[in-house]
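Working notes for the structure below.
These figures come from a predicted structure and were not determined experimentally. Just so we're on the same page: letters track the sequence lines, and every chain starts at 1.
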2 protein chains.
Amino acid sequence: MKMDDVAKLADVSTATVSRVLTKPSMVSKKTREKVLAAIEELNYQPHVVARQFRTRETKIIMVVVPDITSAFFAGVLRGIEHYAVKNNYQVILADTENNPEREREYISLLYQKQVDGMILLTARSNQQELAHIADNYPVVLACEYMDGLNIPTVSIDNISSARKAVQHLIDLGHSRIAHITGPMDVILSRDRLRGFQQALISNDIENNPLYIQEGDFSIKSGYNQMLKLISLEVPPSAVFVFNDEMAIGAINAIKESGLNVPEDIAVVGFDNIEMASIFTPNLTTIDQPKYDIGTKAMELLLKLIRKETFSKKKYVLDNQLIVRQTCGAEINANNTLVKNKI
Amino acid sequence: MKMDDVAKLADVSTATVSRVLTKPSMVSKKTREKVLAAIEELNYQPHVVARQFRTRETKIIMVVVPDITSAFFAGVLRGIEHYAVKNNYQVILADTENNPEREREYISLLYQKQVDGMILLTARSNQQELAHIADNYPVVLACEYMDGLNIPTVSIDNISSARKAVQHLIDLGHSRIAHITGPMDVILSRDRLRGFQQALISNDIENNPLYIQEGDFSIKSGYNQMLKLISLEVPPSAVFVFNDEMAIGAINAIKESGLNVPEDIAVVGFDNIEMASIFTPNLTTIDQPKYDIGTKAMELLLKLIRKETFSKKKYVLDNQLIVRQTCGAEINANNTLVKNKI
DNA sequence: CTGCTATTTGAAAACGATTACATAAACCGT
DNA sequence: ACGGTTTATGTAATCGTTTTCAAATAGCAG
């Protein structure tokens, strides 16, 4: 069932049928109705791949996610999706399972023109390659980023937000503060570690290398690394964890060691995933504007696809420290922190 | 940069270039190398959409998921993905956010030949339409299903597994057992409810309609419905919850009401998501073979795409009751249940 | 009714690969 | 060296749209 069949039935040319479908205003009311009736009668469906082939656009954008399981990305995705659908783009997802190789495979779909553009929520593959791709195809980075790359990027300031989280612990009286990082080949891990260290330095607290343990984002690794910290000769009294998942794992490790959160060890996470406010005790954490990151990224991608020019390329959105139970803070009537920990 | 350029440089016809790319064994070693060198030199990338257009296949399959956030589907997806990649298919994801309308939109991608086949993890749209699609395109159902439909399906037996879960609570001495269901327009919800009721009936326990509350899969709804149950004149002593997320919400509601799990109210969930073994107290739940459901579904889809015939169309995989803390069971040395509840 | 412009339409050429068919080259046994 | 096979290559048609360009028609002022 092709356009030609419709054309024959409606007694017009395929050109006219095509126009009815794509720019209806160009064809007279009478023929338009005739054609639409024919389409209806034949139950004709345009062959989308043929159209894509001819027009060289797919109206599909792809989002590359490092881990579909991670609750954090759901909010970002939702933002992307909503903005995309509103603009007649379909969104498809590619899950790399934290594997840079998979990331490259998906990126090559751009080369192959299978999608009109791409939002990367992970940027671990080769910098040069990425730069080259981004020069030739619409690409936006969100959450993660890469230094020295001229690609439009939406993220938060990971250094200052980490610093803020650690400063909060320091304000509560902690000085033996540990940090469970993400994998060090991910730039976000390095950034948050730097923020952690900056906070220590500016408060004249010694940087104890034993207090830094590298996790892999998973609950389990948070659990394991926390056990290591607890078994130190002088265990930390507080720990800042790269993300909420690992923070939850860490809390479990603390509980199972017969210790209490926050009394024995305070915990601060990152991302403010839903579970942070569900888990007992509730997680103190840094909230990222997930949805806004998503919409902003999609907005930029659309401009790129439409070859609109735009001045600002890097967007740094706000973040917020959400004080709950695991840090042990208490806010008194004057709305000031109560230091409750040696 | 097209095939013709490569052909010219290598001094062969486009047919030969095409053959080098798709059936290398058909061309002599000498010309093959010549062509590959030309491809290399020009950095030629085949235009995939053109190829798709000509061959009428995309080598892409789509998985339609009701909710990307739900931890349960991650395992299924992983199974699908691994089997697909092993067979040279790309997987893309479509998240319907539990919206049947979105489900239909994605399904129409099949009509448009944008994907070679589809695995539906949700089947809420019109039955007739689905039947019609499945008659003409490769479609496999997994997890959810639809009655009276001849579509290949992979799932567990939701009725008997629910019955098993509730029977477990009864064996522990409970008779005031409530059930927080999923949305009743989802067949799985109706199945598990039926299993719940069967267990009651076969143990001569009265079916108290007040003990049945409909949730919407979310943690929050589990929380809210549990509060309702607690505030009943005669609250239940145990609750079977449609999924682990809502079970976690329910546990939080119990805790916040000053009651204990499992002493005051026992809880059994469903799915065995990762958080079930992380949350305190650990969740007793029904484990589904997520990964196997995924691989099996993809295996069937591949057979469909390749037009292989296969006898068995419906696969019902095993499930397992995982006894942890929230049901209050204790297994004694003889490996038998200890009844610990009036 | 004529001539001029604006609006609709159609014929045919793309788009870039694959592949059926034909032909040329290579190989082989006698 | 010759026919007969097998193997390797090229020619050209094809997939189903969109779009350019030209032609036809309609609309309208004088």
*Does the A:D5 side chain pair with the main chain of A:K2, one donor and one acceptor, at a distance under 3.5 Å?*
yes
_Contact interval (first through last nucleotide) of DNA chain D with protein chain B, 4.0 Å heavy-atom_ = D:dA8 to D:dG16
*Of all the heavy-atom pairs spanning B:T295 and B:D292, show the shortest one and how long it is.*
OG1-O, 3.1 Å
*With sequence neighbours excluded, residues passing ring pair (Phe, Tyr, Trp, His ring centres under 6.0 Å) with B:F217*: B:F242
*Within the distance-only criterion (no hydrogens, no angle test), does the side chain of A:N158 pair as donor or acceptor with the backbone N or O of A:D191 below 3.5 angstrom?*
no
_Within 6.0 angstrom of A:Q128 CD, more than 12 heavy atoms from elsewhere_ = no
_If the condition is ring pair (Phe, Tyr, Trp, His ring centres under 6.0 Å), which residues does A:Y145 pass it with, not counting sequence neighbours?_
none
Run the side-chain donor-acceptor check on residues 133-142 of chain A: report pairs under 3.5 Å with partners two or more places apart or on a different chain.
from	atom 1	to	atom 2	distance (Å)
A:N136	ND2	A:H132	O	2.8

Please tabulate, for the side chains in residues 33-43 of chain B, all donor-acceptor contacts under 3.5 angstrom to protein atoms that are two or more places apart in sequence or on a different chain.
none

*Is there a residue in residues 106-114 of chain B whose heavy atoms reach under 4.0 Å of DNA chain D, and which residues are they?*
none
*With axes from five pairs an end, tell me the bend angle of the helix from C:dC1-D:dG30 to C:dT30-D:dA1, nearest 10°.*
30°
_Atom CZ of B:R190: over 12 foreign heavy atoms under 6.0 Å_ = yes
_Contact list for DNA chain C against residues 10-21 of chain A - heavy-atom distance below 4.0 Å_ = A:D11, A:V12, A:S13, A:A15, A:T16, A:R19
*asked:* If you compare all heavy atoms of A:S125 against all heavy atoms of A:R104, which two are closest, and at what distance to 0.1 Å?
replied: CB-CG, 3.5 Å
*Nearest atoms (heavy-atom pairs only) where B:C143 meets B:L121*: SG-CD2, 4.3 Å
*Can you name the nearest heavy-atom pair linking A:E103 to A:V64, along with the distance?*
CG-CG1, 4.4 Å
*At the 4.0 Å heavy-atom cut-off to chain A, mark where contacts on DNA chain C begin and end, going 5' to 3'.*
C:dT8 to C:dG16
*Cation over ring, B:K312 on B:Y315, under 6.0 Å and within 45°?*
yes
Donor-acceptor contacts, no H, no angles, side chain residues 20-30 of chain B, under 3.5 Å, sequence neighbours left out:
from	atom 1	to	atom 2	distance (Å)
B:T22	OG1	B:S18	O	2.9
B:S28	OG	B:T31	N	3.4
B:S28	OG	B:T31	OG1	2.7

*asked:* How close do B:Y106 and B:D95 get, counting heavy atoms only, and between which atoms?
replied: CE1-O, 3.8 Å
*Check each residue of residues 46-53 of chain A for a non-hydrogen atom within less than 4.0 Å of any atom in DNA chain C, then write out the ones that pass by number, or none.*
A:F53
*Can you run down the salt bridge (charged side-chain N to carboxylate O under 4.0 Å, His left out) pairs that involve residues 140-152 of chain A, sequence neighbours left out, and say none if there aren't any?*
A:R124-A:E144
*How close do B:T153 and B:I151 get, heavy atom to heavy atom, and via which atoms?*
OG1-O, 2.8 Å
